[in-house]
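Keep in mind that what you see is a predicted model, and the values were worked out from it rather than measured. Quick note on labels: first sequence line is chain A, next is B, and so on, each numbered from 1.
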Number of protein chains: 2
Amino acid sequence: MKKGTVTIHDIARHLSLDSSTISRALNDSPRVTVKTKERVRKAAAELGYRPNLMAAGLRTQRSKTIGVIVPWISRHFFSSAISGIEQVAYQEGFRVMICQSHDDYDREVVNAFALFDNRVEGVLASIAMDTTSFDHLQRFKDEHTPTVFFDRYPPGIESCQVVIDDFDAAYRVTEHLIQQGSKRIAHFSGPRHLNIYRDRYEGYKKALADYDLALDPALVFDCRLLADDGIKGAQYLLSLDNSPGAIFSANDLAALSAMRYIQKNSRLSIPGDIAIAGFSNSPSTSIIEPGLTTVDQSGEEIGKAAAKQLITEIRGEVDTLAQEQIVIPSKLIIRGSSYKQ
Amino acid sequence: MKKGTVTIHDIARHLSLDSSTISRALNDSPRVTVKTKERVRKAAAELGYRPNLMAAGLRTQRSKTIGVIVPWISRHFFSSAISGIEQVAYQEGFRVMICQSHDDYDREVVNAFALFDNRVEGVLASIAMDTTSFDHLQRFKDEHTPTVFFDRYPPGIESCQVVIDDFDAAYRVTEHLIQQGSKRIAHFSGPRHLNIYRDRYEGYKKALADYDLALDPALVFDCRLLADDGIKGAQYLLSLDNSPGAIFSANDLAALSAMRYIQKNSRLSIPGDIAIAGFSNSPSTSIIEPGLTTVDQSGEEIGKAAAKQLITEIRGEVDTLAQEQIVIPSKLIIRGSSYKQ
DNA sequence: CAAAAAAATACAATCGATTGGATTTTGCTG
DNA sequence: CAGCAAAATCCAATCGATTGTATTTTTTTG
């Protein structure tokens, strides 16, 4: 960057060789003698040479970078997904560029442009709650830049998706709550244009139906599942004449704040009077008392699978248009917030 | 990237202009007519032109990117610091490249090289627990790439640091525990070659001294402050003949797991028999029962301040060698884990 | 040992955007 | 409308690495 930075030309001058030979030597090309490679490597190390990725990327048209868009890096699920992505990516020689949308459509668009401008070779994305238009992602398709979605994916896009079976997981949570004796089960849901919230809602609905329980629309609380929404949801449910015997929240954050609110502001016992379950198995769920029943979805496994898939697509080893869905196992974790001995 | 991608040359051909004019038009140079700028902008939008940052960066020797190294993006403090950094950076026209060291020296070195290879214009770093050698960071100094540290900084480096007053905060925590009646106060500490753990330890020590309490070395538990360490620390303290009346942990994670362990595996009441305090005000601390007394250090404010400082240094508006220390206010948050009515 | 084959290295163009200097075009003045 | 200054645009080199082709050097062989 600064004038002092060493380039292959400096090494070439230093060894009275041509820069092309230096380049090939450092890239371990068979066109350069082992002996020369040794000399070059030594000189490079001595001079403190470091490749300029912008120059290499410009020439090769390959940035060796994959872009990641997530709603929030601070959410445990996403930060562990990123860890999984990084593991695979670094191993395969890719760098990772991380962006967060804060669940906001406009920011997601800005992120997508930033990734494009950096000419990332592939994109891993989990879309924002506010995203209902997908032109900004379609662009990657148009340019044949592979895109793999994880957890949250847009409807009707021909891309691989790495997910858990949200329908089944939600079914099992609801079934568990029913088996613990709850007849009236409330549900905190996110926007249902998003696959995860739609599937969790449908799983909840199906379990109720299978156990001959009516779905009471008044017990479905639509929100963005933030901490405040959990409180509002709890307030709302407690205000009902006939408040429910259980809450299944589509994420942990809202479940936790609802539980906290109920503990502080009502005489209802948990799980005795009201059982609670969340979704994602974030760290707090095992720290609080009682522990929160939830669904463990391994962010790390999902991230790894998504990154592997993306990299095979980048390498052209598989058809990018394949609309495959990779389903990672999830697990119901039953804890004190719902388990009545 | 792919052959289809539009370049300024395509726009130039399309408008029968030279690519240099396109470049200047898009960069709003005074050397191009307003009318031409309009035509160029319109054509660029129509053709879906997006600049190639690698090409621009190579030519200008400016990547418009700042690098960030943190131990863990999943820790609330760091993810909020990153949010603060992003806010300032995007506003000032910089992109952000995030790396995590996982508190491991080797990974930190790899991260530093990756940032260098991408020719970031500045670095924001919070060093790993295992880092005791600093050559990998010194390199940025050598190349005159500004570096600003936040929270954790290396000893004796001439760089600006953005921190809270850890000594004072720890002093206030300890003083609070003393005022609540604890005479024997244990401390969970991280490696004290790191400023934050050293300062927190010293603040603890000073408060004890000021209140005429002896520092019992057997009550200082040295560890990495992970969840497991909290459990081990609690086990250790409970095994003592004369177990302490309070624990001040240098982070929340260890405090939370210790508290949880004590609640589950002893008959001691919190805060009655043993008071507990942590550090950082991570989200879990306000969700659990009792709430954990802690110190609020606004990651976002620290991130913002660090990014602002870094960008002024990048712009050359201030001497990079200035060893200024920017201190962001912190706040003692007293909750049920220590407050005895 | 000369000539051909093979190996090692050098040359030069290229990626896309930027930028100092040269050239062309426009606008004004007398 | 010639002459000239100012404005607008074009030309060409450049950033650092890569890579196809050309050239030089080394090795092999008859």
Between Arg13(B) (CZ) and dG16(C) (P), how many Å, whole number? 11 Å
Spacing between Leu58(B) atom CG and dT14(C) atom C1', to the nearest angstrom: 12 Å
What's the CZ-P distance between Arg62(B) and dT14(D), to the nearest Å? 22 Å
Salt bridge flag under 4.0 Å for residues Asp142(A) and Arg139(A): no
Going by atom types only, do Glu143(A) and Thr5(B) share a side-chain donor-acceptor pair under 3.5 Å? yes
Check whether any side-chain heavy atom of Gln100(A) lies under 4.5 Å from a side-chain heavy atom of Pro71(A), and answer yes or no. no
What's the NZ-C1' distance between Lys64(B) and dT18(C), to the nearest Å? 14 Å
Once you apply a heavy-atom cut-off of 4.0 Å, does Leu17(A) come out as touching a base, just sugar-phosphate, or nothing? sugar-phosphate
Taking the six-membered ring of Tyr90(B), is NZ or CZ of Arg95(B) closer than 6.0 Å to its centre and within 45° of its axis? no
To the nearest angstrom, the CE-P distance between Met54(B) and dT18(C) comes to 14 Å
Sugar-phosphate or base contact per nucleotide [nucleotides 17-26 of chain D; S, B, -; heavy atom under 4.0 Å]: BBBBBB----
Between Gln87(B) and Gln91(B), is there a side-chain donor-acceptor contact under 3.5 Å, judged purely by atom types and distance? no
Show me the donor-acceptor pairs, under 3.5 Å and distance only, between side chains in residues 21-32 of chain A and residues at least two apart or in other chains.
from, atom 1, to, atom 2, distance (Å)
Asn27(A), ND2, Ser23(A), O, 2.9
Asp28(A), OD1, Lys37(A), NZ, 3.0
Ser29(A), OG, Arg31(A), N, 3.0

Look at all strands and tell whether Thr36(A) reaches a base, only sugar-phosphate, or nothing, counting heavy atoms closer than 4.0 Å. sugar-phosphate
Is the phosphate of dT18(C) approached by Gln61(B) (side-chain N or O, under 4.0 Å from OP1 or OP2)? no
